[in-house]
There are 2 protein chains.
Amino acid sequence: MTVYQATASAPVNIACIKYWGKRDTKLILPTNSSLSVTLDQDHLRSTTTSRADPSFQKDRLWLNGVEEEIKDGGRLATCIKEMKALRKQLEEKDSSLPKISGFPVHISSRNNFPTAAGLASSASGFAALVASLSALYQLSTDASQLSLIARQGSGSACRSLFGGFVAWQMGERADGADSYAVEIAPREHWPDIHALICVVNDEKKGTSSTSGMQRTVETSPLLQHRIKHVVPERMAAISKAILARDFDTFARITMQDSNQFHAVALDTDPPIFYMNDVSRAIIALIVEYNRVAVANGGKLKAAYTYDAGPNAVIYAPKENIKEIVELIVKYFPQADKFKDPFELFGAAGVQGKVVEGFNEGVAKPYGVGAVKGLIHTRVGDGPRTLGAEEALLGSDGLPLKA
Amino acid sequence: MTVYQATASAPVNIACIKYWGKRDTKLILPTNSSLSVTLDQDHLRSTTTSRADPSFQKDRLWLNGVEEEIKDGGRLATCIKEMKALRKQLEEKDSSLPKISGFPVHISSRNNFPTAAGLASSASGFAALVASLSALYQLSTDASQLSLIARQGSGSACRSLFGGFVAWQMGERADGADSYAVEIAPREHWPDIHALICVVNDEKKGTSSTSGMQRTVETSPLLQHRIKHVVPERMAAISKAILARDFDTFARITMQDSNQFHAVALDTDPPIFYMNDVSRAIIALIVEYNRVAVANGGKLKAAYTYDAGPNAVIYAPKENIKEIVELIVKYFPQADKFKDPFELFGAAGVQGKVVEGFNEGVAKPYGVGAVKGLIHTRVGDGPRTLGAEEALLGSDGLPLKA
């Protein structure tokens with residue numbers, strides 16, 4: 001008997017122009033366009049196996065081995081239903097195709113990064129879900145069309161359907177048909193963009209982004225100005241900077257937009273805070289690091305950005321990452337040895353230090369654990385279809401043990 | 001021989017609608033109007049003695065006993081010069097008046113609150129300077145006219161020329177003649193407004209407000225929207241709320257405007273942060289305290305506001321202050337006994353506690369010292385002319401020892 005099963009992985013993406021605010025909460029249509037860098041799946045990914053089988057009783061899904069309820073009308077149900085509908089269209093056009101669109105599916109998904117890392121897994125997770133179902137159903141649908149479906153799972157998931165540098169065009173239509181992701185440039189265009197993720201210890205769970213962004217839409221006077229006047233300009237300018245591989249402009253806009261996102265969160269009633277004192281200290285370090293570079297006649301060497309949490313993501317050309325790791329470690333000593341995927345450091349490991357001319361007074365050194373970990377990665381590719389040996393479902397249709 | 005000398009005190013004011021940004025840095029003309037509550041001089045004040053004497057060599061000024069340089073063309077020199085000019089006009093109109101406008105002055109000024117308290121002393125300081133010179137020169141000039149001069153010393157000083165609830169009208173003229181303070185309502189209109197100042201420990205000196213606000217003017221896209229569209233509406237609404245003694249509206253606008261001021265600071269490039277994790281925890285406590293009140297069918301019971309530093313000022317009707325002190329002390333234990341000027345607590349002192357229904361998880365308790373002190377005060381009156389027994393200059397024209 002044929003087994004209808006496929007496995008795919010999808011990447012994390014971290015926005016440079018931030019998505020914050022929905023104009024339609026059910027369809028997940030944003031109040032502004034956004035733009036992100038897709039990170040390398042070699043380091044951070046969600047992997048998902050989907051199987052369609054007539055013997056299954058119903059659609060079921062496991063996340064990291066734990067079954068999640070697929071609520072009627074919920075985001076998971078919507079994505080699965082839309083993918084089945086695309087398969088059904090194919091089957092209707094080509095009667096030789098097996099009629100698997102009507103079969104219940106079992107889906108097993110895993111993230112290779114711990115939830116405790118504080119990295120949003122919904123973007124890579126929904127992108128991997130859509131990618132694995134697309135492979136299962138052998139759809140020829142293009143990534144932008146698939147991104148329409150991933151978007152309804154989690155807005156920013158639509159951007160994880162592409163590698164490289166990706167824009168989510170907000171669109172105008174009420175049905176959301178023009179609110180999808182497009183590739184601004186593939187990773188090969190600018191592979192030199194690396195990222196250092198600083199996982200910041202968080203004592204307090206912040207406001208969820210879903211509820212937070214709607215409160216901002218309802219109460220922040222500044223958000224309206226951002227949406228109408230600031231973001232459109234920045235989208236055009238940063239896209240141009242990416243095409244020109246102009247890191248200075250890319251970095252400036254990325255930092256400005258991270259700050260503005262947190263500014264409108266703060267302008268919300270009651271206010272929303274995601275950054276803490278450690279986040280702010282990392283900003284001070286990067287501002288000073290850039291100041292020294294500019295004072296020496298150079299350009300910006302790094303850009304920080306913060307999502308809806310205290311973690312910093314620092315984008316920089318590869319050649320600067322070593323200095324940046326040394327800088328962060330100087331102020332935030334690490335409990336664990338730096339995992340050095342690009343072999344920047346020898347056997348001695350990282351020694352904390354600052355570049356010449358750096359004003360060490362811009363931040364105070366913290367103790368071990370304030371920054372819990374550092375992850376070095378880079379711009380990456382879009383979803384990958386994987387071989388059967390990577391499957392996460394056993395022959396019984398249930399999740400394999402990790 | 002006649003001694004020409006006068007002493008005056010002036011109050012601190014804390015804005016509800018924040019001043020942030022100058023359209024003219026020399027004349028200190030703001031980009032938006034602002035509004036503040038004058039605090040009671042019985043608790044916090046600057047006191048200044050001015051003496052005019054032909055035997056003095058030059059104008060001299062001592063602040064807390066330490067001589068400050070009066071730089072040519074600087075803010076101190078400007079205020080002294082303008083006050084002398086007003087005296088000169090009087091002398092020209094009435095030849096019977098002693099010609100003291102040409103005499104050098106000695107000025108001694110003291111704040112009764114430690115600089116370490118982190119309270120801006122420039123507002124009360126320049127207001128006391130202008131008030132003491134006005135008394136010395138026996139000017140009949142009204143407070144709004146004097147506020148034009150205090151404004152050139154330190155913008156927010158103009159608001160300390162009045163008691164109660166005070167607006168600084170930004171004005172339109174290039175020469176600043178219409179940029180002065182006016183009284184919205186005297187303290188007697190709404191004496192029930194009390195304030196609790198939480199002095200927050202600050203490990204790092206923030207950006208000075210003078211340089212910070214100009215960076216915001218130059219780089220924040222959101223500031224322009226705030227200036228043009230948000231502040232004018234809020235000025236009208238909060239003035240109306242004050243006249244109606246509507247604490248709910250007063251509190252809502254005060255908190256929103258504090259948040260928006262810090263939002264535009266964050267939208268600055270590089271970003272400016274004044275609040276730290278302790279400031280944010282106090283916000284979380286007040287938000288939860290208000291949430292419980294509203295959930296019980298009531299209205300807002302307290303309003304936080306933050307100037308260019310981490311200290312919280314909490315405005316509330318007097319009847320709520322006891323609960324607020326207990327709440328703050330519960331999360332921020334105090335090294336020193338609460339100085340209880342309104343005798344809210346008995347001999348046992350403050351016991352930290354929360355109101356019924358309060359979700360204690362909104363903030364984590366801190367150790368002793370995170371909030372260094374609590375000052376309970378209330379809305380107060382404008383500058384006072386004091387008797388000779390309060391003078392800060394000795395018969396030799398030099399500052400008396402403290």
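All chains are named by letter (A, B, ...) in the order of the sequence lines, taking the proteins before the strands, and each is independently numbered beginning at 1. Small disclaimer: the values here were computed from a predicted structure and weren't measured.
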Salt bridge (charged side-chain N to carboxylate O under 4.0 Å, His left out) partners for A:Glu233, two or more places apart = none
For residues 14-22 of chain A, tabulate all N or O donor-acceptor pairs below 3.5 Å that involve a side-chain atom, not counting sequence neighbours.
from    : atom 1 : to       : atom 2 : distance (Å)
A:Lys18 : NZ     : A:Ala15  : O      : 2.9
A:Lys18 : NZ     : A:Thr305 : OG1    : 2.7
A:Lys18 : NZ     : A:Asp307 : OD1    : 2.5
A:Trp20 : NE1    : A:Thr216 : OG1    : 2.9

If you tally heavy-atom pairs under 4.5 Å between each of B:Gln224, B:Arg280, B:His225 and chain A, the highest tally belongs to B:Arg280
Would the number of heavy atoms belonging to other residues, nucleotides or ligands and lying under 6.0 Å from CD of B:Glu172 be above 12?
-> no
Ring pair (Phe, Tyr, Trp, His ring centres under 6.0 Å) with A:Tyr289: which residues, sequence neighbours excluded?
-> none
Would you call A:Pro271 and B:Met275 a side-chain contact if the rule is heavy atoms closer than 4.5 Å?
-> no
Part of residues 251-270 of chain A lying next to chain B, heavy-atom separation under 4.5 Å | A:Arg252, A:Gln256, A:Asn259, A:Gln260, A:His262, A:Ala263, A:Val264, A:Leu266, A:Asp267, A:Thr268, A:Asp269, A:Pro270
Could you look at B:Ile283 and say if it's the side chain, the backbone, both or neither that has a heavy atom under 4.5 Å from chain A?
-> side chain
